[in-house]
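Predicted model only: the values in this text are computed from it and were never measured. Below, read A as the first sequence line, B as the second, and so on, with proteins coming before strands; counting in each chain starts at 1.
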Number of protein chains: 2
Amino acid sequence: MKPTIYDVAKEAGVSISTVSRVINNTGRIGEKTRKKVLEVVEQLNYHPSVVASALTGKRTCTIGLIIPDVANPFFAELSRSIEDHGRELGFNLLMCNTDNNPDTEEMYLSLLKQKSVDGIIIGTTTKNYNLLRELQKEHFPIALIAQDIPELMLDVVTVDDFLGGYMATSHLVSLGHEKIGCILGTLARTSEKYRYQAYRQVLEENGLDFDEDFVMHTDYSMEDSKRAALELLRSPKRPTAVFANYDSLAIGVYQAAKELGLKIPEDISVIGFDNTILASIVDPPLTTIAQPIHEMGQQVMDLLVQEIEGRKNTKRRLVLPPELIIRNSTKQIR
Amino acid sequence: MKPTIYDVAKEAGVSISTVSRVINNTGRIGEKTRKKVLEVVEQLNYHPSVVASALTGKRTCTIGLIIPDVANPFFAELSRSIEDHGRELGFNLLMCNTDNNPDTEEMYLSLLKQKSVDGIIIGTTTKNYNLLRELQKEHFPIALIAQDIPELMLDVVTVDDFLGGYMATSHLVSLGHEKIGCILGTLARTSEKYRYQAYRQVLEENGLDFDEDFVMHTDYSMEDSKRAALELLRSPKRPTAVFANYDSLAIGVYQAAKELGLKIPEDISVIGFDNTILASIVDPPLTTIAQPIHEMGQQVMDLLVQEIEGRKNTKRRLVLPPELIIRNSTKQIR
DNA sequence: CTGAAAGCGCTAACAA
DNA sequence: TTGTTAGCGCTTTCAG
């Protein structure tokens, strides 16, 4: 059987509280006793039970990560960076995929609390505001990543989506494009709304007509983006450039263009958003707006842990700068 | 404060054991008491603490998932399917990325035990055999995924890597290729070894010369695969086809070919392995060997849970059939 | 500096 | 059918 604190205490000839103290480095301990205890700990290969210590009010050192889908490269890369920093700070991640389904999300929220996680990081486009409000009222540590909920005062880390959308559209305009399509999801994410707003603003600032028919809605999948892009590109007043709100949607545009025999970027310029691995492996490599995924993961974990450790009493909104990554999918118009 | 079983008991006018019984559906309970208790549970929004019940010997309903890197699409997709099935069975996943670093892995193994997970799924190319043996001796539930360790008798789910390698190479041979390159990682994974063995066997069976110079080793990264492919394709005795042991390595070949102005599949045929999302989005779409990722995730979770619940006393090796997915990166040789 | 003892929230005999 | 009680392994006063 796994050794307990009692086994160590007995073997070392001290009381369990002494063992507890040396393990946790609390209180003052005689040098010899400490040494003796540590020795026995080593010898018995003793590892304190996180479960038991959690029951006495300590942390579980576990954090819930709620995302739409880890198979989505953006969230996969984000998860990875969050996990990396979590490991440095001593926290593990409980992975929860919801596909943005509110019921699944609600289920997870309640499950995570039952499991006494120390905090939760949310990357889904939640609509469970009331649930979040409750958690907030209980001062349960929550942080949002890559997605804001302006109505709620929570810790949040995002890229500057408006600026990103602005940069993307401006890039296209600067290349001489005047007919610019926009492929969105369902506008459920705030991030997407900002990008879209920026798109419209850039058009306006440049005296370009906004054409309702140039903005296409999708269910966020590549297939649906392909469908939307086909529609867009087959239209007689075909745009010369497309701003896809996510790299994955940009791939759909690639597929549609290929099917129609249109060359990127000669016939149509495409810009994405996220700078996931996808952007660099498609042909031609995708010009896109990079989110500082690595830093975002790190920062959100930092914020949450500060919250957990009570080292912070104000919520923070961290908005990181996006970066335009010019590759070969955009081109000066003839 | 979160309500405890005591709050419920008091409110319902029964003892805590009665509450415990109705919560867990154990023992016989009077219909009215059950109803009353359930009512109070609802009213107080009571959720039993997993931590406390774990301390009394019950499960934590948490499983450790040790993989090299969730940002790798293959493992991302696999994680997703494991998590999905875990959710159905009532288990959560603690995500652990190790980059195949034995120290990180050892750290996680010990951490997961401290956290009293009910079992562990391992997808890394571990070398910590001794650690695994110890866990095995304690009858700690462990299952291997996408990776075998023949020396250890554990539950394992893999694709038939030998057959997959056989199908891949045979496909190339059937297209008339006689000079076939092979891009490997470091041969640390058993799966890779089998694929490589099959490659050699197919060559032999078809009376084709095996050329040492045609097999390239990489560190599993796309960049390194590109480097290796450049070397391979620049050589005077350039192969007409390449079998890349992973889709990601195949992408490296694409990049090298592009750099050298070689057309796929006209100048060089490429076949990958895994059938991740990458295979379908590159241009041309990659012919590859599909692993039944979804089923693998499901099966490994099933096996592990059976083990955890003691419903199984023999270890199982499940070898699933691969499938050749012909797309456009392979072509009959002129 | 160290030990005794009272919990943390829940389960599982054992009684009643 | 229901209640009482002794832990599970650990932390934390409170004494000494």
*Asks:* How large an angle, rounded to 10°, do the end axes of the helix from dC1(C)-dG16(D) to dA16(C)-dT1(D) enclose when each is built from five base pairs?
*Replies:*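 Between the axes fitted at each end of the helix from dC1(C)-dG16(D) to dA16(C)-dT1(D) lies an angle of 40°.
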*Asks:* Flag the pair Arg189(B) and Asp161(B) as a salt bridge only when some basic side-chain nitrogen lies within less than 4.0 angstrom of an acidic carboxylate oxygen.
*Replies:*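 Looking at Arg189(B) and Asp161(B), the cut-off is not met.
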*Asks:* Taking NZ in Lys2(A) as the centre, count heavy atoms belonging to other residues, nucleotides or ligands within less than 6.0 Å. Is the count above 12?
*Replies:*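 Yes.
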*Asks:* Between Lys115(B) and Thr60(A) (side chain of the first, backbone of the second, donor and acceptor by atom type, cut-off under 3.5 Å), is there such a pair?
*Replies:*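 Pair found, side chain donor or acceptor close to backbone of Thr60(A).
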*Asks:* For Glu39(B), what residues pass the side chain to side chain donor-acceptor pair (under 3.5 Å) criterion, not counting sequence neighbours?
*Replies:*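 Testing Glu39(B) for side chain to side chain donor-acceptor pair (under 3.5 Å), a comparison that skips the adjacent residues, returns none.
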*Asks:* Check step by step if salt bridge (Lys or Arg N to Asp or Glu O under 4.0 Å) holds for Glu83(A) and Arg87(A).
*Replies:* CA-CA 6 Å; Glu83(A) 205 262 332; Arg87(A) 171 164 7 133; 3.2 Å; yes
*Asks:* Using 4.0 Å as the upper bound for N to carboxylate O, is an ion pair formed by Glu134(B) and Lys113(B)?
*Replies:*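 So Lys113(B) does not pair with Glu134(B) through a salt bridge.
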*Asks:* Can you tell whether the side chains of Asp7(B) and Lys10(B) come within less than 4.0 Å, N to carboxylate O?
*Replies:*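 Salt bridge absent between Asp7(B) and Lys10(B).
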*Asks:* Can you list, by residue number, the residues of residues 109-117 of chain A that have a non-hydrogen atom closer than 4.0 angstrom to DNA chain C?
*Replies:*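 Contacting residues: none.
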*Asks:* Sequence neighbours excluded, which residues qualify as side chain to side chain donor-acceptor pair (under 3.5 Å) partners of Thr124(B)?
*Replies:*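 Result, side chain to side chain donor-acceptor pair (under 3.5 Å) vs Thr124(B): Glu105(B).
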*Asks:* State which residues pass side chain to side chain donor-acceptor pair (under 3.5 Å) with Lys36(B); sequence neighbours excluded, sorted by chain then number.
*Replies:*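 Expected list: none.
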*Asks:* Using heavy atoms and a sub-4.0 Å distance, could you list which residues of residues 32-61 of chain B are near DNA chain D? By number, please.
*Replies:*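 By residue number: Thr33(B), Leu55(B), Thr56(B).
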*Asks:* List the residues meeting ring-ring contact (aromatic ring centres under 6.0 Å, His included) with Tyr220(A), not counting sequence neighbours, and say none if there are none.
*Replies:*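 With sequence neighbours excluded, Tyr220(A) shows a ring-ring contact (aromatic ring centres under 6.0 Å, His included) to Tyr246(A), given in chain and number order.
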*Asks:* Tell me which donor-acceptor pairs under 3.5 Å the side chains of residues 64-77 of chain B have, and how far apart each pair is, sequence neighbours excluded?
*Replies:*
from	atom 1	to	atom 2	distance (Å)
Asp69(B)	OD1	Arg80(A)	NH1	2.9
Asp69(B)	OD1	Ala71(B)	N	2.9
Asn72(B)	OD1	Phe74(B)	N	2.8
Glu77(B)	OE2	Ile277(B)	N	3.1

*Asks:* Are there over 12 heavy-atom neighbours, none belonging to Glu138(B), within less than 6.0 Å of that residue's CD?
*Replies:*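 Yes, because the 6.0 Å sphere around CD of Glu138(B) holds more than 12 heavy atoms from other groups.
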*Asks:* Listing request: all side chain to side chain donor-acceptor pair (under 3.5 Å) pairs with a residue in residues 19-30 of chain A, at least two apart in sequence or in separate chains.
*Replies:*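 Output for this query lists Ser20(A)-Asn24(A), Asn25(A)-Arg34(A).
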*Asks:* Give me the residues of residues 10-26 of chain A where at least one heavy atom lies under 4.0 Å from an atom of DNA chain C, by number, or none.
*Replies:*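 Listed by number, they are Val14(A), Ser15(A), Ser17(A), Thr18(A), Arg21(A).
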*Asks:* Tell me whether Arg59(A) contacts the main-chain N or O of Phe91(A) through its side chain, where contact means a donor paired with an acceptor under 3.5 Å.
*Replies:*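 Checking the backbone N and O of Phe91(A) against the side chain of Arg59(A), no donor-acceptor pair under 3.5 Å is found.
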*Asks:* Rounded off to whole Å, could you give me the CD1-to-P distance for the Ile29(B) and dT1(D) pair?
*Replies:*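 Those two atoms, CD1 and P, are 8 Å apart.
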*Asks:* Taking any atom under 4.0 angstrom from a heavy atom of chain A, which nucleotides of DNA chain C are the first and last to qualify, 5' to 3'?
*Replies:*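 Taking any atom under 4.0 Å from a heavy atom of chain A, the span is dC1(C) to dG9(C).
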*Asks:* Among all residues two or more places apart in sequence or in another chain, which pass the side chain to side chain donor-acceptor pair (under 3.5 Å) test with Ser15(B)?
*Replies:*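 In terms of side chain to side chain donor-acceptor pair (under 3.5 Å), with neighbours along the sequence ignored, Ser15(B) is linked to Ser17(B), Thr18(B).
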*Asks:* Whole angstroms only, please: what is the CD1-P distance between Ile5(A) and dT12(D)?
*Replies:*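 Distance check: Ile5(A) CD1 to dT12(D) P gives 11 Å.
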